[in-house]
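Each remark here refers to the structure printed beneath this line.
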Amino acid sequence: MVENNEVELSEAEAEQYDRQIRLWGLESQKRLRASKVLIIGLSGLGAEIAKNIILSGVKSVCLLDSEKLKEIDLYSQFLAPPDKVGENKAEASLQRARALNPMVDVTSETKAVDDLPDEFFTTFDIVCATGLKQEQLERINNACRDSNKKFLCGDVWGMYGYMFADLVDHEYSEEIVQHKAVKRGPDDTEKNARETVSITVKRRAIYVPLQNALSADWSKPELRSRLRRGDPSYFVLKILFRFRDEYNRNPDPAKRKADTEILLKMRDELVKELNLPVGFVSDALLTDVFGIVAGAAAVVGGVIGQEVVKAVSQREPPHNNMFFFNPVKCVGFVELYGQ
Amino acid sequence: MVARVAGVFDEKLTEAIANSKILVVGAGGIGCEILKNLVLTGFPQIEIIDLDTIDVSNLNRQFLFHKEHVGKSKAQVAKDSALTFNPNVNIVAHHDSVISNDYGVSYFKQFNLVMNALDNRVARNHVNRMCLAANVPLIETGTAGYAGQVELIKKGLTQCYECQPKAPQKTFPGCTIRNTPSEPIHCIVWAKHLFNQLFGEEDPDQDVSPDTADPEAAGDAGASALSSEGTATGNVERKSTRQWAAETSYDPEKLFSKLFGDDIRYLLSMENLWKKRRPPTPLTWNNLPGKDEPQAQHSGLPDQRVWTVHECAQVFASSCNALQADLKSRADGDHLVWDKDEKSAMDFVTACANIRAHIFNIPQKSRFEIKSMAGNIIPAIATANAIVAGLAVLRAQAVLRGELASCGSVYLRPKVNHRGQLFVPEKTLTPPNPKCYVCAPKPEVGLACNLKQLTLKDLTTAFKDGLNMQAPDATVEGKGLVVLSSEPGETDHNNDKTLEEIGLNDGCALLVDDFLQNYEVRVRLQQEDEEKSWRLVTDSDAPMPGPKEDEKPANGSNGSEEPKPGPSRSRTRADSDSDMEIIEEDEDETTVKPPKRRRTEMSDEIVELC
């Protein structure tokens with residue numbers, strides 16, 4: 001849990017964060033200022049998340065990536081300059097990340113997640129992981145869970161994207177606006193004098209770990225009924241995780257045709273396995289999953305960034321527990337899995 | 001130059017991007033994000049335009065700008081920063097207003113797509129018209145706090161930005177502001193008016209003294225007040241506030257005594273006003289509440305502490321002195337412009353609004369809160385802007401691919417809806433409103449006014465503020481006679497004449513056009529004796545905008561900019577005591593014979609004026 005920082009904001013902070021303090025309040029801003037965030041994976045999505053979180057004014061952000069910056073990263077990764085191709089992605093992103101907000105302490109970590117002990121991840125208040133395999137995500141998620149630390153993960157493939165959140169046992173406050181008629185004084189007859197009164201209520205949300213969400217049992221009637229109103233984005237995620245697991249990489253723009261075939265085959269297998277209606281997971285959803293499209297990274301990075309802000313400021317209901325962006329319909333929605 | 005990595009997009013889109021030229025209007029919160037996405041995606045030709053400079057309060061979201069850029073051109077810095085992401089694209093930056101002869105229809109025609117990232121209605125309306133005239137698709141964006149939206153506008157295919165009347169701007173009757181405030185906002189509006197009366201551009205519609213023409217005060221009571229000082233105009237005959245202040249050398253104590261003592265006592269004498277209201281309490285400079293109170297414990301930002309009346313008076317005095325010194329240092333005839341980010345200007349309004357609130361037993365507010373209300377600040381965050389700009393560029397890709405039919409509006413909701421949706425797309429495009437007075441094949445609108453009172457100058461204002469024209473020209477339909485010319489000097493001599501005096505009457509139709517916007521509309525005049533100003537009338541049921549005051553920006557992306565001020569709604573022009581001057585008719589002036597009377601139905605609501 002984020003400790004409450006009672007030190008008042010400096011004048012510089014009040015000035016720079018003015019427009020957001022007017023939205024989420026001073027208390028949230030103080031909580032943000034006390035929180036330490038780890039961002040794993042400095043692809044285009046990682047850069048978007050880092051930008052949003054650094055701008056919000058957290059205490060510190062650690063950028064973790066063990067890989068080198070490639071040409072292909074540049075069309076979505078704006079924190080690493082083009083002349084740093086070949087250098088470590090996290091280190092290459094440091095300078096611009098710091099320039100976004102000098103009041104935030106930004107550091108880098110170049111070790112691979114598999115080489116880092118669980119204790120590394122739990123030194124942060126919240127971990128945002130991108131670009132990892134399902135197994136790696138589950139390991140970090142469970143480590144965080146055991147230490148009561150919050151965990152988010154997400155990815156963008158082409159124009160498609162998702163987010164998962166495990167905020168463990170999360171307490172937050174929610175502002176509810178009520179309208180009520182008021183009178184100024186006993187002798188005031190001013191009609192329609194209305195005032196909006198906002199009351200703050202405390203709420204609590206219980207989350208499940210990633211493995212539960214990804215192993216949802218689709219033979220159960222309550223999930224089957226979801227298929228009817230449904231959007232197939234959950235299954236697209238399953239297919240893409242399988243691809244990443246099996247080939248140790250993401251679908252490659254340079255192998256667009258061959259990889260599309262593999263994806264469609266994996267889709268057919270999954271449809272059979274889970275007994276899904278034929279045609280439910282359309283081809284169209286699996287043809288635009290190459291590389292990272294800047295617009296989609298901005299969209300998903302915006303959602304994840306906002307969820308981090310909500311989680312650490314403990315204000316407003318966070319999404320529980322999966323968000324999907326379906327680019328074919330341009331719809332973004334939240335569903336609860338694994339509970 | 002193509003999208004940089006082959007295979008990310010299919011060939012059709014890759015090629016469409018490579019051959020595209022995009023205009024981004026606005027380099028604020030959404031504009032920065034859009035520019036980043038376009039540049040990274042590899043859009044090869046981009047122009048960006050913004051008239052604004054960078055402020056420190058932009059830095060929490062306008063991420064192409066850093067502290068060292070404060071004060072510089074947004075468009076230019078945005079261009080320089082974005083080029084570091086991808087030096088291979090061509091960006092042209094214009095530090096300029098998009099509302100200018102330099103950006104006419106032929107300028108807009110060179111683009112495949114225009115993307116709006118604006119924060120005010122005036123510019124949105126203008127770009128809407130330019131894109132309709134140039135027949136270029138427009139992607140319109142906006143955010144407010146956690147919420148936002150993206151909308152495609154294409155001539156003939158979708159509704160335009162002006163197809164649905166926007167909610168009228170919030171206005172307050174003049175007598176509420178001047179005589180009987182009951183909400184903090186009434187005191188804040190009064191304080192801003194007072195600023196203009198003392199230091200800014202003097203506007204007769206922003207009078208701050210007691211309004212004796214208040215219909216509520218009429219009758220026997222108030223007679224004492226009206227006895228000697230009242231005039232036909234309803235205003236107390238006295239020097240202008242500015243002149244009076246100048247003669248007293250802006251002495252804060254004297255100003256205080258007049259504004260918060262004498263004027264309040266005068267209001268008290270209008271007894272009818274206080275029969276059912278709690279009467280105000282005049283203040284005296286030497287005996288103010290809170291003088292010896294120890295400062296209360298305060299947590300939070302210093303600006304979030306509510307000042308005592310005594311403190312307000314201190315701030316009133318110091319800000320008065322500072323503003324007067326500023327005014328004095330300027331050339332004769334120059335004046336100050338109220339700006340929420342100017343310390344003294346903001347201090348002055350906070351102090352005056354709170355002193356007045358105290359007098360009328362209205363809750364006082366902190367400087368922080370008053371800044372929001374007086375400056376029409378819409379909160380703005382990085383994430384909502386990022387999401388909306390991301391959606392906008394994905395929509396841009398679909399437009400370039402020719403898939404316009406799939407580009408229904410998308411709404412970013414502050415919280416998920418009952419179906420769990422956070423971004424809610426509309427399934428189909430909304431077709432144009434055939435009665436839209438902007439995008440219909442033959443645009444038409446009614447203008448309800450009292451032809452005996454509305455002057456040509458007021459009519460020009462109606463065309464500019466109501467129809468959002470920049471430089472209207474008007475001729476009488478069927479006659480070709482020029483009533484109003486945008487050429488300086490051509491019709492100015494008629495400015496103070498009423499429409500009746502220049503020969504316009506009920507049912508008469510004007511052809512009004514704006515050369516810059518390539519826009520012409522037929523305006524039917526409708527006589528309404530009761531209408532004190534003017535009002536647009538369309539066939540739709542929704543209320544149309546009337547004259548505005550204290551307007552709020554629509555869907556502001558920046559939230560910080562106040563749209564250009566319109567005429568005051570607080571104007572009090574009762575039928576019997578109009579301040580309209582009667583001018584002798586000049587012989588060699590254009591007189592217009594009225595065409596036949598036409599009956600026009602009205603289905604509009606009247607905005608209440610006291």
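Within every chain, numbering begins at 1; the chains are lettered A, B, ... in the order of the sequence lines, protein sequences first and strands thereafter.
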Using non-hydrogen atoms only, which part of [X] is less than 4.5 Å away from chain B: side chain, backbone, both, or neither?
X	value
A:Leu100	both
A:Phe323	side chain
A:Gln16	both
A:Glu11	neither
A:Gln29	neither
A:Pro317	side chain
A:Asn101	neither

Give the member of [options] that has the highest number of heavy-atom pairs under 4.5 Å with chain A.
options	value
B:Arg401, B:Arg419, B:Glu369	B:Arg401
B:Val393, B:Asn417, B:Leu301	B:Leu301
B:Ala392, B:Pro425, B:Ala382	B:Pro425

Return the minimal non-hydrogen interatomic distance between [X] and [Y], and the atom names on each side.
X	Y	value
B:Lys67	A:Ala12	NZ-CB, 4.4 Å
A:Leu26	B:Gly300	CD2-CA, 3.2 Å
A:Ile21	B:Phe368	CG2-CZ, 4.0 Å
B:Val8	A:Asp288	O-OD1, 4.3 Å
A:Leu55	B:Asn60	CB-O, 3.5 Å

With the side chain counted from C-beta on, respond yes when B:Lys371 and A:Arg22 share a heavy-atom pair under 4.5 Å apart, and no when they do not.
-> yes
If we only count heavy atoms from C-beta on, is the A:Leu74 to B:Asn86 side-chain gap below 4.5 Å?
-> no
Atom CD of A:Glu174 with >12 non-hydrogen neighbours under 6.0 angstrom | yes
Does CZ belonging to A:Arg228 count more than 12 external heavy atoms closer than 6.0 Å?
-> no
Do the charged groups of B:Lys36 and A:Glu48 touch, with an N to O distance under 4.0 Å?
-> yes
Between B:Glu11 and A:Arg256, is there a side-chain N and carboxylate O pair less than 4.0 Å apart?
-> no
Please test B:Glu33 against A:Lys51 for side chain to side chain contact (heavy atoms under 4.5 Å, CB included), starting from the C-alpha separation and ending with a verdict.
-> CA-CA 11 Å; B:Glu33 286 280 341; A:Lys51 172 202 69 186; 2.5 Å; yes
For B:Phe65, ring-ring contact (aromatic ring centres under 6.0 Å, His included) partners two or more places apart = none
Options A:Glu13, A:Gln77, A:Met159, A:Lys255, ranked by heavy-atom pairs under 4.5 Å with chain B, top entry = A:Met159
May I ask you to check whether A:Tyr75 and B:Phe9 place their ring centers less than 6.0 Å from one another?
-> no
Against chain A, label [X] side chain, backbone, both or neither, depending on which of its atoms sit under 4.5 Å from a heavy atom there.
X	result
B:Lys427	neither
B:Asp303	neither
B:Glu68	neither

All pairs passing salt bridge (charged side-chain N to carboxylate O under 4.0 Å, His left out) where residues 289-301 of chain A contributes a residue, at least two apart | none
Residues 405-416 of chain B: residues contacting chain A (heavy atom under 4.5 Å, by number) | B:Val410, B:Lys415, B:Val416
Would A:Phe325 and B:Leu391 count as a side chain to side chain contact (heavy atoms under 4.5 Å, CB included) if you check the C-alpha gap in whole Å, the side-chain angles of each, and the deciding distance to 0.1 Å?
-> CA-CA 11 Å; A:Phe325 177 61; B:Leu391 292 171; 3.7 Å; yes
Taking atom [atom1] of [X] and atom [atom2] of [Y], what is their separation to the nearest 0.5 Å?
X	Y	atom1	atom2	result
B:Ile377	A:Leu23	CD1	CG	12.5 Å
B:Asp55	A:Arg19	CG	CZ	7.0 Å
A:Ile53	B:Thr383	CD1	OG1	10.5 Å

Distance under 6.0 Å and angle within 45° of ring axis: A:Arg96 vs B:Phe63 | no
Test log, rule side chain to side chain contact (heavy atoms under 4.5 Å, CB included), inputs B:Leu422 and A:His319 = CA-CA 10 Å; B:Leu422 187 65; A:His319 301 323; 3.5 Å; yes
What side-chain donor-acceptor pairs closer than 3.5 Å can you find for residues 290-305 of chain A, not counting sequence neighbours?
none

